[in-house]
Number of protein chains: 2
Amino acid sequence: MALPLVSRGKDAQAGACCAPIARQPLSEGDATELAVLLKAVADPVRLRLLSMIGSHAGGEACVCDLTDAFELTAPTISHHLKVLRTAGLIDGERRGTWVYYWIVPETVNRLGALFAR
Amino acid sequence: MALPLVSRGKDAQAGACCAPIARQPLSEGDATELAVLLKAVADPVRLRLLSMIGSHAGGEACVCDLTDAFELTAPTISHHLKVLRTAGLIDGERRGTWVYYWIVPETVNRLGALFAR
DNA sequence: CTATCATTTAGACGAACGTCGAACCACTCG
DNA sequence: CGAGTGGTTCGACGTTCGTCTAAATGATAG
C-alpha cells in the first residue's frame, strides 16, 4: 500500500502539524483499501472484540472468553470475528476444543499510521 | 473517554507493545462512541474528503474544490460532508457564495490515539 | 426583482449490514 | 461408535447506508 510519507526534508510548520491523512490527499485506491479496514472496525461489538483479544493475557483469547461479554448469540459473535479476520486485523486457529484469536499488529498499525501525528 | 496509558516509560519502537486498543478492554460506552467516529470515516469518499480538506492550502477547502474530484453529484458530496461534520471531524461555514470546511484536529487525534502505539 | 450559480434538503430506491434460529462441522469423552 | 460441547455456516428478516433526482435555500450580479 505504501502510504506516502511525503514529509521528506523539512516538515516545518505544515509538515508535522497533523496526521498523515491531512498532509496529502489520499489516492482513490488507498482510500478504498483503508475504508475496508475502517469498516471492519467501525462497529461497537467488533471494536470491543478487537480490544478484548488484544488485551487478553497471552495475547490471544478463545471464543468462549469473548461470547459471555455480549448479549448476542454465538453466530453473531462468530460473524463479527470473521469480519475482523477477513480484514486482516486478527488471525486465529483451532486448538483442540477451542478456537483462539489474536491481533495482527501490522494491520492495526496501518490505522494508527493514518491518524496519529 | 480517558484512554488509559498503561505503559509509560520508554516506548521506543519496540518498547510500547501495542496500541491502546490492545492494552485494556474497551468499555461498551467508549466502543459505541468510537464506532460512531469510525463509521464516519469508514467510507472511501469521506476518507478522501477528509484528506483533501486537511491537506488543502490554508487548512480549509470550499465545496467547489471538492466536488470535481469525484464522479458524484453535488447532493451526494454534501451528504458525506454532513456525516463528517455531524461526527465532529470537520467544521465549516458559509462565506459569501461558497461554503468552506476545515478539519477538527482534536477529533482526528482521538482516532490516532486509539490505534497508534 | 429576476436570473443565475452554489449548496443543502427531501424523498426514493437498491445494496449492504447486523442480528437471529436452525442446521452443520470439529473435536472430546464415555 | 454415539452423545455432547464449542464454533461456524446458511438463510432470512428488518434496518441502515450511499446514491440519485427534484426541489428548496442562500447569495451575487444585472
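Side chains are part of it too, since the values below use all heavy atoms of this structure and drop only hydrogens, waters and symmetry mates.
For the atom pair OH of A:Tyr101 and CG of A:Asp65, the computed distance is 13.0 Å after rounding to the nearest 0.5 Å. B:Leu111 contributes atom CG, which lies 9.5 Å from atom CG of A:Leu111 (distance to the nearest 0.5 angstrom). Taken to the nearest 0.5 Å, the CG atom of B:Leu38 stands 6.0 Å off from the CG atom of A:Leu47.
Not counting sequence neighbours, the partners of B:Ala19 by the side chain to side chain contact (heavy atoms under 4.5 Å, CB included) test are A:Val108, B:Ile21. Residues passing the side-chain hydrogen bond (donor to acceptor under 3.5 Å, both in side chains) test with B:Glu106, sequence neighbours excluded: none. In this structure B:Thr73 satisfies the side chain to side chain contact (heavy atoms under 4.5 Å, CB included) test together with B:Pro75, B:Thr76, sequence neighbours excluded. Listed by chain and number, the residues in a side chain to side chain contact (heavy atoms under 4.5 Å, CB included) with B:Thr107 are B:Leu37, B:Leu89, B:Val104 (sequence neighbours excluded). A search for side chain to side chain contact (heavy atoms under 4.5 Å, CB included) contacts involving B:Thr67 returns B:Val63, B:Ile77, not counting sequence neighbours.
Mapping A:Thr97 and A:Glu71 onto DNA chain C by nearest heavy atom places A:Glu71 at the nucleotide closer to the 5' end.
B:Trp102 has its side chain out of reach of B:Ile90: every pair of non-hydrogen atoms, C-beta onward, lies at least 4.5 Å apart.
Put simply, chain B comes within 4.0 Å of DNA chain C, heavy atom to any atom, from C:dA6 to C:dT9, going 5' to 3'.
Pairs engaging residues 57-117 of chain B under the disulfide (SG to SG under 2.5 Å) rule: B:Cys62-B:Cys64 [sequence neighbours left out]. Here side-chain hydrogen bond (donor to acceptor under 3.5 Å, both in side chains) pairs that include residues 43-53 of chain A, with residues two or more places apart or in two chains, are A:Arg46-A:His80.
Annotation: the terminal axes of the helix from C:dC1-D:dG30 to C:dG30-D:dC1 meet at 10°, where each axis is the rotation carrying the C1' atoms of four end pairs onto the next four (5 pairs per end, rounded to 10°).
Its side chain within the 4.5 Å cluster rule, A:Tyr100 clusters with A:Trp98 among the Ile, Leu, Val, Met, Phe, Trp and Tyr residues.
Atom CZ of B:Arg95 and atom P of D:dA27 are 14 Å apart (whole Å). Across the protein-nucleic acid pair, A:Asp65 atom CG and D:dT5 atom C1' stand 16 Å apart, rounded to whole Å.
Across residues 40-51 of chain A, not one residue has a non-hydrogen atom less than 4.0 Å from an atom of DNA chain D.
Look at B:Thr73 and you'll find a side-chain N or O under 4.0 angstrom from OP1 or OP2 of D:dC20.
Heavy atoms only, all atoms of each residue included: A:His56 and A:Glu60 are closest at ND1-O, 2.9 Å.
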Between the protein and nucleotides 8-15 of chain D, list every N/O to N/O distance that falls short of 3.5 Å.
from, atom 1, to, atom 2, distance (Å)
D:dT8, OP1, A:Tyr101, OH, 2.6
D:dT8, OP2, A:Ser78, OG, 2.9
D:dT8, O5', A:Ser78, OG, 3.1

